[in-house]
Structures are given as C-alpha cells and as structure tokens.
Amino acid sequence: MGSVSPSYRGHRYPVEVISHCVWLYFRFPLSFREVEELMLQRGVSVSHETVRRWCLKSGQAYANALRRRQPRPGDTWHLDEVFIKINGEQKYLWRAVDQDGNVLDILVQNRRDTAAARRFFRRLMTTGGVPRVVVTDKLRAYGVTHRHEMPSVEHCLHKGLNNRAEVSHQPTRHYRAEMIIRFAIWDQITCVAGLPATA
C-alpha cells in the first residue's frame, strides 16, 4: 500500500470510533464481540460484525503506515544478554540495539550458549539485515556465532563499548511518555489528528 490516508467515506460512525475499535481489536487479545461490549460500555452501540469489517478494511493499512514510520536500523549493532527470573526460573533476555538506541529485537531463552546466540543472530538477520559492525561483551558464544553467521561483519568484543546495549532498558522508565508518543502517531495514521475536538 502507498501512503494514501484511509478512506472513511460512507461510514456513519466518526473516525475516532472506527480507529479506536480497530486499535482495541489488534492491540489486545479481544474478540469482535468483546470490542462491541467495550464500546457499548462507553455509550457507543456498534455490532461485532461492523467491527470485523472495519478491521478487515483498515487493519492492514494502519499496520503498513506504522511500519513505514519505524526507523531503519543503523549499521552498528550492540548485543547483550541479561539474567531474568520468570516464574522463579532463571532465563536470559537477549537484546540488540543499534547505535541510535533503537531496539532491533529481544528474545528470551533458557540458555546462554552458542546455540542460543546463533538463534538470536539468525533472528536478527531476518528482521534487520546485516550490519557493518557488531559490538558485544566478551561472552565466547558471540565470537563463535559471529564466525559462522556473519564472518564478513566487523566484530568488536569490549565490555565498555557495549554500553548502548547495557542501558537499552532505560526507555522503560519513561513508559508513559513513550505511550503518549505512540498514541499521537496512531492518531496521525488513522487521520484522527487534526479533527476538531468534540465536546
């Protein structure tokens, strides 16, 4: 799809209602009937079948517009893994960010070995392409995996250079500010932004 704004011609519901229903359905694990119920609680009577048609018509266009707004990954990737506990079990959260701090991918795995590193590298290459430089700490699994998966890519093994990945968790401390930005982007791509405010 191109950069054409979604068309709401012929709909009897306002843009805000349509975009909100589509957002609810795709953002949360809700059925069309549950979206209908949530909207009824807010005083908007809309059938689940109407919500289904809106999702079919606009869902992919919204997703494409959001994808176009994602920043392109940089050519320097910083990789790191941290220990986390999930239901009392120790797991490893593998993270990759580019030189600008954009999160490329995260993956929770049971192990911190070469097989886990290889799985993470392969997943990164399918979503982000191939970088110019990979920066990691001195975990041996990174070196082995780098030689097999990305031999032509420069590999920097240095704990101090990997600060970008080490602090990639910090944006979670500003979660509300990030969510406000995301809501504003959603309003722009669904053409809700710029509409006159209703009383």
Note to self: Tell me if a side-chain donor or acceptor on Asp100 pairs with a main-chain N or O of Asn102 at a distance below 3.5 Å.
What the structure shows: no
Check: Taking all atoms of both residues into account, what is the closest heavy-atom pair of Val108 and Lys91, and its distance?
Finding: CG1-CB, 3.9 Å
Item checked: Minimum-distance pair of heavy atoms, taken over all atoms of Val22 and Gly59 -> CG1-CA, 4.2 Å
Next item on the list: For a ring pair (Phe, Tyr, Trp, His ring centres under 6.0 Å) with Tyr62, tell me which candidate from Phe26, Trp54, Trp23, Trp186 qualifies.
Entry: Trp186
Item checked: Minimum heavy-atom distance Cys55-Phe32, with the two atoms named -> SG-CE2, 3.9 Å
Checklist line | Backbone of Thr76 reached by a side-chain donor or acceptor of Gln99 within 3.5 Å | finding: yes
Next item on the list: Look only at the side chain of Thr145 and the backbone of Tyr142, and say whether a donor-acceptor pair between them is shorter than 3.5 Å.
Entry: no
Margin query: Surrounding CD of Glu37 (heavy atoms of other residues, nucleotides or ligands, distance under 6.0 Å), is the total greater than 12?
Written below: no
Check: With distance as the sole test, does Asp137 use its side chain to make a donor-acceptor pair with the main-chain N or O of Leu139 at under 3.5 Å?
Finding: yes
Notebook entry, point to check: What are the two closest non-hydrogen atoms of Thr190 and Val15, and how far apart are they?
Noted result: O-CG1, 3.4 Å
Notebook entry, point to check: For Arg69, does the CZ atom sit with more than 12 other heavy atoms under 6.0 Å from it, leaving out its own atoms?
Noted result: yes
Next item on the list: Check for a donor-acceptor pair, side chain of His146 on one end and backbone N or O of Phe121 on the other, with a separation under 3.5 Å.
Entry: no
Note to self: Just checking Ile84: does its CD1 atom have more than 12 heavy atoms from other residues, nucleotides or ligands closer to it than 6.0 angstrom?
What the structure shows: yes
Checklist line | Step-by-step side-chain contact (heavy atoms from CB on, under 4.5 Å) determination, Thr114 to His148 | finding: CA-CA 11 Å; Thr114 303; His148 287 92; over 6 Å; no
Next item on the list: Could you walk me through whether Cys21 and Tyr13 pass side-chain contact (heavy atoms from CB on, under 4.5 Å), step by step?
Entry: CA-CA 11 Å; Cys21 287; Tyr13 288 91; over 6 Å; no
Check: Is there a side-chain contact (heavy atoms from CB on, under 4.5 Å) between Arg147 and His155 once you walk through the steps?
Finding: CA-CA 9 Å; Arg147 284 192 297 278; His155 184 204; over 6 Å; no
Item checked: Exercise: identify the closest heavy-atom pair between Trp94 and Arg112 -> CZ2-CA, 3.8 Å
